[in-house]
2 protein chains.
Amino acid sequence: MTPSQDTLRARTRRAVQREIGDAALALFIERGFDATPIDAVAAAVGMSTRSVFRYFATKEDIVIGKLDLAADRMLETLAARPPGEPVWVSLRHLFDVDDPRPQGSTAAIHRVVLETPALLAAYLQKLQEIQEAVALGLRERAAAAGRPYPADDPTPRALTAAAFGCFVAAQHSWLASGASTPLADAVDRAMATLAPATEAQAPAQTQTQTQAQAQAPAPAPAPAPS
Amino acid sequence: MTPSQDTLRARTRRAVQREIGDAALALFIERGFDATPIDAVAAAVGMSTRSVFRYFATKEDIVIGKLDLAADRMLETLAARPPGEPVWVSLRHLFDVDDPRPQGSTAAIHRVVLETPALLAAYLQKLQEIQEAVALGLRERAAAAGRPYPADDPTPRALTAAAFGCFVAAQHSWLASGASTPLADAVDRAMATLAPATEAQAPAQTQTQTQAQAQAPAPAPAPAPS
DNA sequence: CCGAACCTGTCATTGACTGTCAAGTGAGAC
DNA sequence: GTCTCACTTGACAGTCAATGACAGGTTCGG
């Protein structure tokens with residue numbers, strides 16, 4: 001019952017996983033995801049088709065599964081941000097990644113993922129999962145700082161979703177403009193277009209009454225009784 | 001070559017599509033999406049499996065395809081909003097839907113979609129498509145108002161993505177809290193947590209020169225070197 | 001040496017799709 | 001009226017992803 005020990009087997013397994021992932025990604029980029037049957041991937045690494053599925057739950061997971069690491073890093077990053085930091089800034093830093101890959105390679109990966117419907121769907125779904133964890137992290141952080149969100153307050157979820165939405169928008173814009181500038185710049189620009197309603201202009205203090213008021217005037221969208 | 005005429009055949013086709021959709025949705029809600037093979041749907045409406053796929057591209061599309069109508073309505077809504085209205089308010093009104101269904105039924109649909117991985121993925125992907133169109137609509141509106149976004153400005157995409165992110169977050173929160181209150185309230189609360197960086201404090205008037213200027217100063221956070 | 005845990009390939013099966021083909025049906029041409 | 005033409009349908013076969021079952025073969029600790 002070794003919970004998640006770093007045994008030799010575990011390391012071997014990760015190595016094989018990585019090998020499959022790399023080979024598959026190369027094939028997907030070269031021939032396209034849909035045009036590359038699993039058999040081709042299996043053949044490329046000299047395994048049976050069955051074994052590939054022992055390392056990855058689905059075909060999409062070969063590509064998207066790599067995000068599990070990124071997700072872990074995000075949660076660590078969030079936990080490491082200073083407690084007093086504005087939420088939007090902390091969220092921005094979730095997307096700081098030092099990717100040692102050559103710039104062109106990163107763009108190629110982005111292109112396959114964003115332009116293959118099946119992969120895009122799996123990607124967005126994975127991001128949704130990650131958001132769940134991040135929103136929970138925001139809740140914990142606020143609680144630790146002494147001003148927890150009410151249980152049914154949608155704020156952490158909404159802010160997280162908005163941040164991730166900006167991130168994906170940035171990826172699209174970045175790719176559409178040729179991926180020449182760093183992705184981080186695109187993320188900066190996207191996230192700079194918005195700010196949380198409360199702490200935006202506040203002197204980084206506990207929220208004031210006037211702001212809570214300024215928050216209200218959402219013009220009650222009339223459920224259209226017809 | 002009748003482009004998209006409202007011929008008898010077209011109407012019949014839509015009727016059949018609707019019949020399949022309704023029957024399938026009932027089955028999906030009752031037995032679960034994954035536990036309901038297409039054969040069961042086909043049998044329920046007295047057709048061959050093959051014919052079901054002549055009306056829907058994929059199994060997920062039977063559920064998600066209904067959003068095409070919603071997408072059209074969104075674009076109409078956006079076009080109908082007053083040109084001077086703050087963007088965030090206009091975006092909020094995209095999610096106003098008068099759904100004549102009983103409240104419990106709507107919640108059931110939401111539950112299947114959000115809790116079935118395959119459906120959630122397809123749903124998010126469809127929303128992504130819609131966002132593309134909405135962002136374009138924002139661009140057109142701004143251009144019509146005389147202050148178009150620069151070609152590579154990520155603002156419309158980012159704002160749209162943030163709004164849709166809030167919407168999905170609202171759906172989750174709404175469902176998690178028992179779907180007792182109107183969904184519109186949840187959307188209000190989610191979207192009230194954020195505001196665009198520029199027009200937030202503006203006196204809700206027709207745009208001034210200073211606004212076009214205030215649109216630029218993206219504060220460019222540090223790209224985190226190492 | 002030995003069993004437990006793990007990994008592997010092979011085979012068979014399910015389920016989502018897709019291509020094809022022969023047959024049916026309706027609306028308009030004649 | 002009836003004869004097409006366009007469109008639809010069911011039946012059949014085939015591809016691909018994914019899963020379960022079985023039969024070896026390996027490694028590791030005792």
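Below, read A as the first sequence line, B as the second, and so on, with proteins coming before strands; counting in each chain starts at 1.
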Test your reading of the model: is there a side-chain donor-acceptor pair from Trp88(B) to the backbone of Leu194(B), 3.5 Å cut-off? yes

Interface with DNA chain D, restricted to residues 111-129 of chain B and to heavy atoms under 4.0 Å: none

Can Lys59(A) and Asp34(A) be counted as an ion pair, charged N to O under 4.0 angstrom? no

Once you round it to whole Å, what is the distance between C1' of dA17(D) and CD of Glu60(B)? 13 Å

Take the protein atom CG of Asp39(A) and the nucleotide atom C1' of dC16(D), then report the distance between them rounded to whole Å. 8 Å

When you check the side-chain N and O atoms of Glu85(B) and Ser90(B), is any donor under 3.5 Å from an acceptor? yes

Under a 4.0 Å heavy-atom cut-off, which of residues 43-57 of chain B touch DNA chain D? Met47(B), Ser48(B), Arg50(B), Ser51(B), Arg54(B), Tyr55(B)

Between Arg189(B) and Asp153(A), does any side-chain N to carboxylate O distance fall below 4.0 Å? no

Going by atom types only, do Thr36(A) and Arg31(A) share a side-chain donor-acceptor pair under 3.5 Å? no

Can you tell me if Gln17(B) uses its side chain to pair, donor with acceptor, with the backbone of Tyr55(B) under 3.5 Å? yes

Nucleotide dT19(D), atom P - distance to CG of Asp61(A) in whole Å: 11 Å

Please evaluate residues Asp61(B) and Lys66(B) with respect to the criterion salt bridge (Lys or Arg N to Asp or Glu O under 4.0 Å), reporting the C-alpha separation (whole Å), side-chain torsions for both, the decisive distance (0.1 Å), and the verdict. CA-CA 8 Å; Asp61(B) 210 45; Lys66(B) 309 194 175 196; over 6 Å; no

Rounded to whole Å, please give me the gap between NZ in Lys59(A) and P in dG15(C). 21 Å

Please give, in whole Å, the distance from dT8(D) C1' to Gln17(B) CD? 14 Å

Between C1' on dT27(D) and CZ on Arg9(A), what's the gap in Å once rounded to a whole number? 5 Å

To the nearest Å, give me how far apart CG (Asp34(A)) and C1' (dA16(C)) are. 14 Å

So which pairs with a foot in residues 7-54 of chain A pass ring-ring contact (aromatic ring centres under 6.0 Å, His included), sequence neighbours left out? Phe28(A)-Phe33(A)

Test your reading of the model: is there a side-chain donor-acceptor pair from Ser48(A) to the backbone of Ser51(A), 3.5 Å cut-off? yes

In whole Å, what is the span from the CZ atom of Arg11(B) to the P atom of dC7(D)? 16 Å

